[in-house]
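To start, the structure under review is shown below, and the notes come after it.
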Amino acid sequence: MDEERRMSILTTNSLRRRLGVCGGVTLAVVAGLFALGGPTTTIDLFLIGWLAFGGLALLLVGIRDRIALGVTTVGWPRIAAVGLAVLSVAASSAGFLQLLTAPSVWGALIACLALGTSLILAFGALECGLGGVQLDEELFTIE
């Protein structure tokens, strides 16, 4: 195995591990939210559900190379794209809800942070879904 191929495999595994850690941290945040009293409204429960689904998808990416869904298998880049897209929608929803419920300077700052995070997650979802537009295509190969 040549050196370039070996380095490509190492970076692919590194990306998958990092996505898996992000999923684990997201699930830890969800557990922490429940430990602090849990959701009080339906909207809170909906946002926490989004976080849990996105975190679980990213955790699966860190653990598995492929996942069987019915009669087909789906590779980790597609599952990562779904997980990042779900987290992006959750972050943008939290940002807009912050603007609607707390119209203050502090609320606007938090909303901008959430919306910026949403944009970064959306770019990550597009990158994983399209299989390498700005990043190296070999990064998204499945062995």
N/O donor-acceptor pairs under 3.5 Å from side chains in residues 113-124, not counting sequence neighbours:
residue : atom : partner : partner atom : Å
T117    : OG1  : L113    : O            : 2.8
S118    : OG   : S88     : O            : 2.9
S118    : OG   : S88     : OG           : 3.2

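- Following chains of ILVMFWY side-chain contacts shorter than 4.5 Å, one can reach L15 starting from L84, so the two form part of one hydrophobic cluster.
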Under 3.5 Å donor-acceptor pairs involving side-chain atoms of residues 99-110, not counting sequence neighbours:
residue : atom : partner : partner atom : Å
T101    : OG1  : L97     : O            : 2.8
S104    : OG   : G107    : N            : 3.1

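- In this structure, the side chain to side chain contact (heavy atoms under 4.5 Å, CB included) partners of A57, at least two apart in sequence or on a different chain, are I79.
- Of all the heavy atoms in A80 and V61, the pair that sits closest is N-CG2, 3.5 Å.
- In this structure, the side chain of T72 does not engage the main chain of L69 through any donor-acceptor pair within 3.5 Å.
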(Q) For a side-chain contact (heavy atoms from CB on, under 4.5 Å) check, start with the C-alpha distance between T73 and I67, then their side-chain angles and the critical distance, and finish with the verdict. (A) CA-CA 5 Å; T73 59; I67 295 175; over 6 Å; no

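- Between the side chain of R16 and the main chain of R64, a donor-acceptor pair closer than 3.5 Å is present.
- In terms of heavy atoms, W50 sits closest to S93 at CZ3-OG, 3.1 Å.
- Across L51 and A90, no two heavy atoms sit closer than the pair CD2-CB, 4.4 Å.
- Other residues sharing the hydrophobic cluster of V71, ordered by chain and number and joined by side-chain separations under 4.5 Å: none, the residue standing alone.
- Scored by the side chain to side chain donor-acceptor pair (under 3.5 Å) test, T41 finds D44 as partners (sequence neighbours excluded).
- No single ILVMFWY cluster, assembled from side-chain heavy atoms under 4.5 Å apart, contains both F53 and L56.
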Expected list for residues 21-38: side-chain donor-acceptor pairs under 3.5 angstrom, two or more places apart:
residue : atom : partner : partner atom : Å
T26     : OG1  : C22     : O            : 2.8

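- Here the closest non-hydrogen pair linking G54 and V86 is N-CG1, 3.8 Å.
- Partners of R78 according to the salt bridge (charged side-chain N to carboxylate O under 4.0 Å, His left out) rule, which considers only residues two or more places apart in sequence or in another chain, do not exist here.
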